Amino acid sequence: MPITAPLSQGFGYGIVLGLGFAFAFGMMLTTYVLKRYNAEVQTSEMFSTAGRTVKSGLVASAVVSSWTWAATLLQSSGVAYRYGVSGPFWYASGATVQILLFATLAIELKKKAPNAHTFLEIIRARYGVYGHLVFTVFGLMTNILVTAMLLTGGSAVVTSLTGVPTAAACFLLPVGVIMYTIAGGIKATFLTDYVHTVMILIIILIFAFTAYTTNANLGSPAKVYDLLTAAAKAHPVAGNAEGSYLTMRSQEGAIFFVINLVGNFGTVFMDNGYYNKAIAASPVHALPGYVMGGLSWFAIPWLAATTMGLSALALESNPVFPTFPNRMLNDDVNAGLVLPYAAVAMLGKGGAAATLLLVFMAVTSASSSEYIAVSSIFTYDVYQTYFNPQASGKMLINMAHSFVVIYAILLAAFSTGLYYIGISMGYLYLMMGVIISSAVLPATLTLMWSKQNLAAAALSPILGLACSLIAWLVTAKKEGGNLSVASTGANNPMLAGNVVALLSPCIFVPVLTYAFGPQNYDYKSMAAIRLANDEDVAAAAHVDLENIPGGAAQTVIDSEAEQKKLKRASLIAKSMTCFLTLALIILWPMPMYGSAYIFSKKFFTGWVSIGILWMFCSAFCVGLYPLFEGRHSMANTFKGIVRDLSGKGGAVRGRSVGEFSGSEESTSPVEGSEKIPVVTKKSG
């Protein structure tokens with residue numbers, strides 16, 4: 001049942017366009033500052049890899065921001081509304097382990113292909129054209145599904161809260177993102193990701209403290225507990241222990257957990273955006289960045305949904321709730337409207353404005369990562385590989401910019417079409433794994449197993465997709481009696497499709513590998529991937545290419561030392577990520593699920609308190625720590641600005657930053673990137 005929009009259309013357009021232009025202007029200014037005071041020129045390498053110099057704090061904030069989709073906030077609140085306290089935990093744990101496990105793959109990528117621009121370059125280096133084309137299709141399907149989900153979820157909230165037409169929201173949300181992505185490349189995504197992440201954390205904490213301390217109708221965990229107990233008596237949850245919302249024993253919640261776990265392997269391991277961040281990270285900072293990012297992200301859906309999903313349940317019987325006296329419709333829950341309705345019930349127009357800002361931040365930061373990912377694929381894996389192998393740095397930049405714009409327009413149109421045929425964010429979220437997860441195992445083994453051959457790598461994803469589609473649609477037809485959005489979107493068909501997609505390659509890969517003979521790959525062709533030639537861009541900017549972060553040639557000694565560090569990091573990553581994965585999906589939740597424990601009032605209070613404390617830890621890791629890492633470079637940049645204002649000149653023109661700042665070595669301002677030292681002779 002649609003509600004009256006609490007905010008005006010003008011407010012909606014102001015947020016969507018105004019903030020977008022503000023971020024674009026800020027990024028353009030930052031790009032100018034980086035170029036003037038740190039010789040950071042927008043070469044093709046800088047656009048796609050940020051010079052491979054980003055430190056762990058910014059990597060962590062970028063991971064958090066990229067993984068905080070609209071669904072992170074909206075879908076997680078929806079499963080909390082449906083299944084109670086188990087929903088937020090299943091969502092958070094089922095989508096954190098992929099980031100933690102990906103840290104291992106990130107280290108292997110840095111170790112075996114240090115100069116790669118995209119994951120697909122690595123595929124081509126190992127398997128040639130056929131394997132490359134297969135994984136290019138699966139990679140693009142991943143990016144298309146993720147971007148469509150971001151826009152469908154974000155536009156639904158914008159429409160609900162402001163009355164802005166959904167089609168208009170789909171086309172206007174990307175406008176500012178396009179501008180600042182083109183202006184700053186992947187560096188823009190790292191810097192804006194930081195700002196977005198900090199704002200998201202602040203808004204979630206505001207919601208949490210409102211619900212559990214100050215709200216007149218809620219005001220404490222004890223009051224929320226009492227209202228949830230009453231809600232369970234009024235409408236008990238089928239499949240939950242005693243029908244309670246206050247238990248981890250939820251049959252439907254557990255099914256969602258498996259779908260979530262399986263589907264998100266595809267959206268991490270097949271999304272070039274996560275490989276881009278691993279590539280952009282300084283070698284020694286990739287592991288801590290991904291581990292910090294994964295653990296920091298866990299608190300976001302857990303606390304957001306524990307607050308907003310449960311608040312919606314608690315307030316549903318109160319006249320302040322937008323749908324009172326009715327419960328929310330299933331279509332509204334699927335569209336992601338639980339969180340905005342709860343925010344309006346708690347804070348009125350202020351809650352609506354905060355939700356709009358929250359969703360805008362989630363949609364734009366994650367979509368910028370998708371635009372860069374797709375742009376990198378078309379620039380390096382399509383254009384340079386098959387059309388213009390000798391492309392100059394300037395030409396690669398122009399193509400990257402063009403692909404960002406083209407992809408954004410096409411996906412806005414595609415998302416609008418999905419809205420008109422009734423495909424919601426929730427449907428896309430559950431379906432993603434069915435389509436893309438069959439490529440996860442072959443992609444992972446490309447870096448982890450030397451014996452996988454071309455037949456196994458290229459055919460397993462296709463065969464797995466065929467099997468997953470059959471399992472999904474046959475189950476939907478058998479259970480629903482027909483094939484419709486409702487029947488194919490049900491939990492059991494989605495469960496069947498997702499599980500078959502992820503696990504079927506476990507059969508296909510070894511059978512095809514040993515049927516056609518193991519490859520016994522030596523990884524040399526991956527190591528032979530070369531950097532793009534950006535001398536023309538550097539010359540046009542009157543800057544020595546050696547002085548651009550990441551542009552200096554690496555010596556043999558440096559390379560050997562780096563490989564030694566990466567080998568050690570690989571061992572740490574494998575043991576640490578496996579332990580954390582077991583803790584989050586087995587050691588912590590399964591005893592509570594198996595015992596069918598119903599939370600007591602004190603236990604629920606402790607549960608909420610841990611979520612809030614975890615969120616403060618996340619705020620430190622991705623909010624304060626990046627500033628600490630970049631303190632010296634920000635100081636150097638500030639000194640340069642002061643020199644300019646005082647007329648002494650602070651620009652870096654063809655000199656190393658070390659020469660400018662009075663030291664032999666410096667880091668990139670704002671993002672604190674590690675720069676290869678350029679030693680210069682000084683007179684006297």
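Bear in mind the structure is a predicted one, so any value in this text is a computation, not a measurement.
Although no hydrogens or angles enter the test, the distance criterion places no donor-acceptor pair under 3.5 Å between the side chain of R249 and the main chain of A241. A distance-only check finds a donor-acceptor pair linking the side chain of N498 to the backbone of L430 [under 3.5 Å].
Not less than 6.0 angstrom separates the ring centroid of W302 from the ring centroid of Y91. Two rings, from W90 and Y83, have their centers 6.0 Å or more apart. Taking the six-membered ring for Trp and the full ring otherwise, the centers of F269 and F265 sit less than 6.0 Å from each other. Residues F102 and Y275 place their aromatic rings such that the two centres sit under 6.0 Å apart.
A salt bridge links E316 with R327: the closest approach of a Lys/Arg side-chain nitrogen to an acidic carboxylate oxygen falls below 4.0 angstrom.
Taking OG1 of T72 as the start and CH2 of W297 as the end, the distance is 5.0 Å to the nearest 0.5 Å.
A side-chain donor from one of N260 and Y429 sits under 3.5 Å from a side-chain acceptor of the other. A donor atom on one side chain and an acceptor atom on the other are not found under 3.5 Å apart for N334 and S424. In summary, the side chains of T118 and N272 do not present any donor paired with an acceptor at a separation below 3.5 Å, with no hydrogens or angles considered. In this structure, a donor-acceptor pair under 3.5 Å is present between the side chains of N264 and T267. For the residue pair N330 and R82, a side-chain donor N or O sits within less than 3.5 Å of a side-chain acceptor on the partner.
Residues satisfying the side-chain hydrogen bond (donor to acceptor under 3.5 Å, both in side chains) criterion with T166, sequence neighbours excluded, are T159.
Evaluated for a side chain to side chain contact (heavy atoms under 4.5 Å, CB included) with P6, the options V344, T162, L356 yield exactly one hit, V344.
Note on ring orientation: taking the six-membered ring where Trp is involved, the planes of W607 and F89 are tilted (angle from 30° to 60°).
Around the CD atom of E479, the shell of radius 6.0 Å holds more than 12 heavy atoms that belong to other residues, nucleotides or ligands.
The nearest pair of heavy atoms linking L411 to L151 is O-CD1, 3.9 Å.
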